[in-house]
Amino acid sequence: MLAFTSANGQEPTSGALKAAEKLAEVIDLKAQMSSGFEAMMPMINNMSEKMKLNPTDSKELEGIFRSWFMEDFDHAKIFSETIKLYAENFTEEELTGLTAFYESPLGRKSLTALPQLMRKGAQLGMAEGQAKQEKLRARLEPFFKKHAPSGNP
C-alpha cells in the first residue's frame with residue numbers, strides 16, 4: 001500500500017481528502033482527464049507529418065493513440081491519485097478556498113480559458129523549438145563528438 005504524505009511530511013487529513021474530492025467535482029476533473037487526449041494531438045499530428053501519412057493513415061494513427069488513452073489508461077487510478085496529490089499539497093482550508101474560487105464566475109471562466117491558453121502556449125513553444133532546431137544541433141554537435149564512444153566519430 002502506498003503511503004501519501006503532505007508537503008509538511010504528514011499524511012493528508014480526511015478533511016483535506018474530502019475537500020480535494022469536492023474541488024475535483026467542481027472543476028470536473030474527470031472531464032479534464034478525459035479531454036487530456038486532445039493535449040496529445042499536436043504530437044500525433046507532428047508524427048503524422050514526419051511520417052508523411054495520408055489523411056486515412058493519419059486518422060488510423062490517431063485512432064491507435066485514442067484507443068490506447070481511453071482503453072489502456074487506468075483513469076480511476078489517476079483520478080484517485082490526483083485527489084491525493086491535491087490533499088498532499090494544499091490544506092483543507094486552501095482546498096476550500098480553491099473550490100470557492102472555481103465556483104465563482106472568474107473561476108468558471110478560468111477553467112475554460114486556462115487549458116486553451118496552456119495548449120496554445122505549448123504549441124508556440126514547440127513551433128519555436130522546431131524553428132531553432134538547427135541551432136540546437138550546432139550547440140550539441142561538439143558535446144556529442146566529445147562524448148562519442150571510442151571508435152565512433
Side-chain angles (χ1 to χ4, degrees), residues 1-133 136-137 139-140 143-144 147:
M1 181 172 177
L2 292 175
F4 291 93
T5 56
S6 65
N8 64 10
Q10 302 196 0
E11 265 191 64
T13 65
S14 62
L17 287 167
K18 284 184 173 128
E21 289 171 358
K22 172 68 174 163
L23 175 62
E25 179 185 318
V26 168
I27 65 173
D28 202 2
L29 183 60
K30 286 183 181 179
Q32 288 182 34
M33 288 170 45
S34 293
S35 68
F37 176 78
E38 298 310 317
M40 295 186 339
M41 284 307 298
M43 185 245 343
I44 297 167
N45 291 337
N46 190 21
M47 187 183 297
S48 291
E49 289 173 16
K50 285 187 177 188
M51 294 174 71
K52 297 180 171 64
L53 297 179
N54 65 42
T56 301
D57 292 339
S58 184
K59 279 286 185 199
E60 181 181 358
L61 180 66
E62 178 185 328
I64 292 167
F65 274 94
R66 188 176 299 279
S67 294
W68 169 70
F69 182 80
M70 298 307 291
E71 297 169 14
D72 297 334
F73 276 39
D74 186 343
H75 293 273
K77 176 183 172 188
I78 295 169
F79 180 79
S80 174
E81 290 179 4
T82 302
I83 295 293
K84 290 174 184 166
L85 284 173
Y86 275 91
E88 289 171 13
N89 288 281
F90 296 97
T91 66
E92 181 178 354
E93 183 179 303
E94 290 168 336
L95 289 163
T96 301
L98 282 170
T99 300
F101 168 72
Y102 284 117
E103 288 176 324
S104 74
L106 178 58
R108 303 298 314 153
K109 180 178 179 178
S110 72
L111 287 171
T112 303
L114 290 176
Q116 293 172 6
L117 293 171
M118 292 174 76
R119 186 171 33 257
K120 288 178 182 179
Q123 290 170 348
L124 290 170
M126 287 190 323
E128 183 67 9
Q130 288 174 346
K132 301 299 191 303
Q133 206 168 30
L136 176 60
R137 277 196 193 114
R139 290 175 185 265
L140 287 172
F143 178 85
F144 288 148
H147 295 284

Checking Pro42 now: which residues fulfil side chain to side chain contact (heavy atoms under 4.5 Å, CB included) with it, not counting sequence neighbours? Gln123, Met126
Distance in Å, Met51 CE paired with Asp57 CG, rounded so as to fall on 0.5 Å steps: 8.5 Å
Parallel under 30°, tilted from 30 to 60°, perpendicular over 60°: which one fits the rings of Phe143 and His147? tilted
Test side chain to side chain contact (heavy atoms under 4.5 Å, CB included) applied to Arg66 - qualifying residues, sequence neighbours left out: Phe37, Glu38, Glu62, Met70
Just jot down the side chain to side chain contact (heavy atoms under 4.5 Å, CB included) partners of Ser58, sequence neighbours excluded, or say none. Ser48, Leu53
Under the salt bridge (charged side-chain N to carboxylate O under 4.0 Å, His left out) rule, collect the residues that match up with Glu49, sequence neighbours excluded. none
CG on Asp28 to CG on Leu23, rounded to 0.5 Å: 11.5 Å
Closest non-hydrogen atom pair between Thr99 and Ala19, with its separation: OG1-O, 4.2 Å
Heavy-atom nearest pair, His75 first then Phe69, reads NE2-O, 2.9 Å
Exam field: side chain Ser80 to backbone Ala76, donor-acceptor pair closer than 3.5 Å: no
List the atom of Phe65, the atom of Met43, and the distance in Å for their closest heavy-atom pair. CE2-CE, 4.0 Å
Rounding to 0.5 Å, atoms CD1 (Ile78) and CG (Leu29) come to a distance of 10.0 Å
Could you tell me the separation between the CG atom of Leu111 and the CD atom of Gln116, rounded to the nearest 0.5 Å? 11.5 Å
side-chain contact (heavy atoms from CB on, under 4.5 Å) evaluation trace for Leu85 with Glu88: CA-CA 5 Å; Leu85 284 173; Glu88 289 171 13; 3.8 Å; yes
Residue pair Gln130, Asn46: steps toward the side-chain contact (heavy atoms from CB on, under 4.5 Å) verdict: CA-CA 11 Å; Gln130 288 174 346; Asn46 190 21; 3.2 Å; yes
Taking all non-hydrogen atoms of both residues into account, name the closest pair between Phe90 and Ala16 and its distance. O-CB, 4.4 Å
I want to check something: taking the side chain as every heavy atom from C-beta on, are Pro12 and Tyr86 in contact at a cut-off of under 4.5 Å? no
Could you check whether any side-chain heavy atom of Glu94 comes within less than 4.5 Å of a side-chain heavy atom of Leu98, counting everything from C-beta outward? no
Please give me the minimum heavy-atom distance between Leu95 and Ala87, naming the atom from each residue. CD1-CA, 4.1 Å
Closest non-hydrogen atom pair, Lys77 against Asp74: N-OD1, 3.0 Å
NZ on Lys84 to CD on Glu81, rounded to 0.5 Å: 7.0 Å
I would like to know whether Ile44 and Met41 meet side-chain contact (heavy atoms from CB on, under 4.5 Å); could you show each step before the answer? CA-CA 5 Å; Ile44 297 167; Met41 284 307 298; 4.2 Å; yes
With sequence neighbours left out, which residue pairs that include part of residues 17-26 fulfil the side chain to side chain donor-acceptor pair (under 3.5 Å) condition? none
Using only atom types and a distance under 3.5 Å, with no angle test, would you say the side chain of Ser67 pairs donor to acceptor with the backbone of Ile64? no
N/O donor-acceptor pair under 3.5 Å between Glu103 side chain and Val26 backbone: no
Return the set of residues passing side chain to side chain contact (heavy atoms under 4.5 Å, CB included) with Met118 (not counting sequence neighbours), or none when no residue passes. none
